[in-house]
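First comes the structure, then the notes that go with it.
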Amino acid sequence: MKKILAGLFLSMFVGAATANEIYITQIGDSLDLDIEQTGDGNTMGTITQDVVLKGDDMTFAITQTGDSNSIAAIIKGATYTGTWDFTGDNNDIDLLCSSLDTATCDTVTMTITVNGNDNTFDFDIGENNDASDTQVVFTIDGDDNVIESTIDGTDAYVKVVMDDTGT
């Protein structure tokens, strides 16, 4: 089993603004990837160079803490487990699970936890009725968050818990 641990910590100083940028293209089965980004303006993939993870039996966890962070990721594989945690405002998250190259995202289990305002989440799982066993749970605490999701499959469970406490 491959184990990749990326810990990226950003210290903010008065008058200095920097951000982390992560670009990954990975091919192979049994990936276990954990990423942590702290600070504002961090990116993981962009429109021109996404994060692409290709292989079966993947586990991918990400934690982003800060404002105005973004993720653009493509997952190509049969089985994927993800834990995504976000704390902050104005973050933009875009995930596509399954796109060509015979990637099917048959079995997807995702847990997404959010604490913040004005975040946008676009999750698309399966194409052409590929996702045969999908479970996605969103737990969101904050105002004006947007979830857009398309799950194309034969068996999907999606749960959204929103607890607006006025944060």
Side-chain angles (χ1 to χ4, degrees), residues 1-9 20-38 42-66 69-88 91-116 119-141 145-162:
M1 175 184 287
K2 298 176 193 170
K3 176 78 176 177
I4 299 173
L5 176 61
L8 303 173
F9 300 97
N20 295 305
E21 296 178 359
I22 298 174
Y23 307 98
I24 299 172
T25 299
Q26 185 276 336
I27 298 173
D29 296 340
S30 303
L31 172 71
D32 187 347
L33 175 64
D34 298 318
I35 296 176
E36 182 175 340
Q37 288 183 304
T38 302
N42 296 309
T43 61
M44 190 173 146
T46 66
I47 293 172
T48 58
Q49 187 170 349
D50 290 335
V51 171
V52 179
L53 306 175
K54 183 177 179 181
D56 293 332
D57 301 316
M58 286 188 276
T59 300
F60 170 35
I62 185 159
T63 300
Q64 281 188 333
T65 303
N69 295 314
S70 68
I71 297 175
I74 298 174
I75 295 174
K76 299 179 178 186
T79 303
Y80 168 66
T81 302
T83 303
W84 296 33
D85 293 311
F86 305 97
T87 301
N91 297 304
D92 186 25
I93 314 305
D94 189 5
L95 169 69
L96 172 60
C97 190
S98 178
S99 183
L100 304 175
D101 294 336
T102 68
T104 59
C105 285
D106 286 333
T107 304
V108 176
T109 304
M110 291 194 66
T111 303
I112 301 102
T113 305
V114 181
N115 187 345
N119 298 296
T120 302
F121 301 91
D122 186 357
F123 284 81
D124 297 315
I125 299 172
E127 295 170 317
N128 301 316
N129 217 21
D130 285 337
S132 60
D133 185 17
T134 299
Q135 295 183 17
V136 179
V137 176
F138 281 94
T139 303
I140 300 175
D141 187 2
N145 293 294
V146 175
I147 299 171
E148 295 180 27
S149 184
T150 301
I151 299 175
D152 190 356
T154 57
D155 187 14
Y157 170 83
V158 178
K159 179 179 179 180
V160 178
V161 178
M162 299 188 92

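The side-chain contact (heavy atoms from CB on, under 4.5 Å) test with T107 is passed by exactly one of T79, T81, D57: T79. Applying the side-chain contact (heavy atoms from CB on, under 4.5 Å) test between F86 and each of N119, I71, T113, N145 identifies I71 as the sole match. Considering I75, D152, V136, L96 in turn, V136 is the only one that fulfils the side-chain contact (heavy atoms from CB on, under 4.5 Å) rule with I125.
The two residues S98 and C105 make their nearest non-hydrogen contact at N-SG, 3.4 Å. Nearest heavy atoms, I22 versus V51: O-CG2, 4.0 Å. Taking each heavy atom of M110 and L95 in turn, the nearest pair found is SD-CD2, 3.5 Å.
Remark: N20 CG to T43 OG1 distance equals 8.0 Å, nearest 0.5 Å. Atom CZ in F123 sits 8.5 Å away from atom CG in D94 (nearest 0.5 Å). To the nearest 0.5 Å, the span separating CG on D122 from OG1 on T150 amounts to 7.0 Å. Here the straight-line distance linking atom CG of D155 with atom OG1 of T134 works out to 8.0 Å at 0.5 Å rounding. Atom-to-atom distance recorded for M58:CE and D32:CG is 11.5 Å, nearest 0.5 angstrom. Distance SG/C97 to CG/D124: 10.0 Å, rounded to 0.5 Å.
With hydrogens and angles disregarded, a donor-acceptor distance shorter than 3.5 Å links the side chain of N69 to the backbone of N42.
Ring orientation note: the planes of W84 and F60 are nearly perpendicular, at an angle over 60° on the 30°/60° scale.
The side-chain heavy atoms of V114 and F121, taken from C-beta on, include a pair separated by under 4.5 Å. Looking at heavy atoms from C-beta onward, T65 lies in side-chain contact with T63 at the 4.5 angstrom threshold. L33 places none of its side-chain heavy atoms less than 4.5 Å from the side chain of Q26. In this structure the side chain of I151 never reaches within 4.5 angstrom of the side chain of V108, judged on heavy atoms.
With sequence neighbours left out, T83 forms a side-chain contact (heavy atoms from CB on, under 4.5 Å) with A61, D85. With sequence neighbours excluded, the residues that form a side-chain contact (heavy atoms from CB on, under 4.5 Å) with V160 are F138, I147, V158, M162.
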